[in-house]
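Here is the structure we will look at.
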2 protein chains.
Amino acid sequence: MQNRNIAAAPSYRGEQLLFLTDEQLRQGIELMFFAYRGFTADPDRILEDYGYGRAHHRCLHFVNRHPGLTVNDLLDILGVTKQSLNRVLRQLVNDDMIESRVGQEDRRQRNLYLTEAGATLEASLSEQQRARMRKAYMDAGPEAVHGFRTVLEKMIDPELRHRVLSLMERENGR
Amino acid sequence: MQNRNIAAAPSYRGEQLLFLTDEQLRQGIELMFFAYRGFTADPDRILEDYGYGRAHHRCLHFVNRHPGLTVNDLLDILGVTKQSLNRVLRQLVNDDMIESRVGQEDRRQRNLYLTEAGATLEASLSEQQRARMRKAYMDAGPEAVHGFRTVLEKMIDPELRHRVLSLMERENGR
DNA sequence: ATTTTATGTCAGCCTTGTTGACTATCCAAG
DNA sequence: CTTGGATAGTCAACAAGGCTGACATAAAAT
């Protein structure tokens, strides 16, 4: 099924523009929808046991990825309101999953770190998700993975990409 | 940035297993998260004007794709409870976006169709999303698109894929 | 000293998930 | 033919997690 329309497109090696029918684009849209469901299904099951949702998972993920990041950084990354984030963050801090330390240079800021329990939970969530991603990558092969990453990159909001990249630069510069 | 890790992998033409670090997999995970946000951003803005959410969009999309499908079909596709779907569906029917006709063979069933207004709204939502998808596809090139589709396919829950495919078969057989 | 910034919190609203109880219809066994 | 079970859909009430707005506090910047 997944090859039918691509095969129907002329000039597979694209010196020419892609032959993009609405049908092909709509299939891509559905693919995103269904794949994202699969992508979140495994962690969702674990989170349920803790009474957490995807919002908690996202916090754990990004705090793990960028230890010591501030609440504001997280707000920028997640693109939610601080009230919404705070509710989730408060739970995670109360549950001793995330530690919130007062900033050293700027004492208004709170630097966020995973506790041991938080790291454990994050690892189990991530493990499931990486397993599915790894399987998809292996089944699809390296060239497909490269294409996958290329297309997804292009779909990200340019402004968001800029914000995330500048966060990573800032980290590298420390 | 998106090429760095792929380039670092040995054996690009994969007779050998991919060299998949956790870092690469985590990057894929983040890519899914950020790309999905971009993917839904445009329709979200339009939906707001109507007081609708993504659930309404999904209904309009699939009713457009499969005119006459039943509520149960839609439940299978969307993977939510019927109560949750029904609320959204009721709004769309009341707002004269979707028509719900009593089934001819089985009068318990309701066959769903877009009204003219519904088709118009669906078109404007889809137009935005297709534009972004088209741009990403064009920028990335046909080979990348092929890889994108291949990987996403692998990420879908097998059971879900089966259900959706059997729906499409049933339609072709009418 | 005043203003701005970073964060936290309260209240209240909306969408969209959930479960449970209910109605209408179909079908099959007695 | 009727009755009982399965199926399709609807209604009601609740929870998670988005949102806005208002406000408090502490620290930094001016």
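Below, chain A is the first sequence line, B the second, and so on; all start at residue 1.
Side chain of B:R163 to main chain of B:D76: a donor-acceptor pair is present (N/O by atom type, distance under 3.5 Å, no hydrogens or angles). A:N94 contributes no side-chain N or O that, together with a main-chain N or O of A:Q91, makes up a donor-acceptor pair within less than 3.5 Å. Although no hydrogens or angles enter the test, the distance criterion places no donor-acceptor pair under 3.5 Å between the side chain of B:T70 and the main chain of B:Q109. Counting only distance, with no hydrogens or angles, the side chain of B:T150 and the backbone of A:A140 share no donor-acceptor pair below 3.5 Å. Between the side chain of A:R161 and the backbone N or O of A:E153 there is at least one donor-acceptor pair closer than 3.5 Å. Between the side chain of B:D106 and the main chain of B:R108, a donor-acceptor pair closer than 3.5 Å is present. The backbone N or O of A:T21 sits less than 3.5 Å from a side-chain atom of A:Q24, completing a donor-acceptor pair.
A:L75 places its CG atom 16 Å from the P atom of D:dG17, with the value rounded to the nearest Å. Separating the CZ atom of B:R54 from the C1' atom of D:dG17 is a distance of 13 Å, rounded to the nearest angstrom. B:E105 has its CD atom 18 Å from the P atom of D:dT7, to the nearest Å. Distance B:R110 CZ to D:dC11 P: 11 Å, rounded to the nearest Å.
In terms of position along DNA chain D, the nucleotide closest to B:S100 lies nearer the 5' end than the nucleotide closest to the other residue of the pair A:R107 and B:S100.
Using a 4.0 Å cutoff to heavy atoms of chain B, the contacted part of DNA chain C runs 5' to 3' from C:dT15 to C:dC26.
Within residues 33-41 of chain B, no residue has a heavy atom under 4.0 Å from DNA chain C. Heavy-atom distances under 4.0 Å link DNA chain C to A:K82, A:Q83, A:N86, A:R90 of residues 77-91 of chain A, given in residue order.
Among the atoms of the strands shown, none is found under 4.0 Å from any heavy atom of B:G103. Here A:E48 lies out of heavy-atom contact (under 4.0 Å) with every strand. Residue contacts shown for A:H56 are limited to sugar-phosphate atoms, with no base heavy atom under 4.0 Å away.
Note that OG of B:S124 is 5.5 Å distant from OH of B:Y50, once rounded to the nearest 0.5 Å.
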Show, in sequence, the C-alpha distance, side-chain angles and deciding distance for A:H66 and A:D73, and conclude whether the side-chain contact (heavy atoms from CB on, under 4.5 Å) test is met. CA-CA 10 Å; A:H66 309 282; A:D73 293 336; over 6 Å; no

Step by step, would you call A:S126 with B:R26 a side-chain contact (heavy atoms from CB on, under 4.5 Å)? CA-CA 8 Å; A:S126 175; B:R26 283 181 196 269; 3.3 Å; yes

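Each of A:F39, A:F62, A:Y36 was compared with B:F33 under the ring-ring contact (aromatic ring centres under 6.0 Å, His included) criterion, and only A:F62 meets it.
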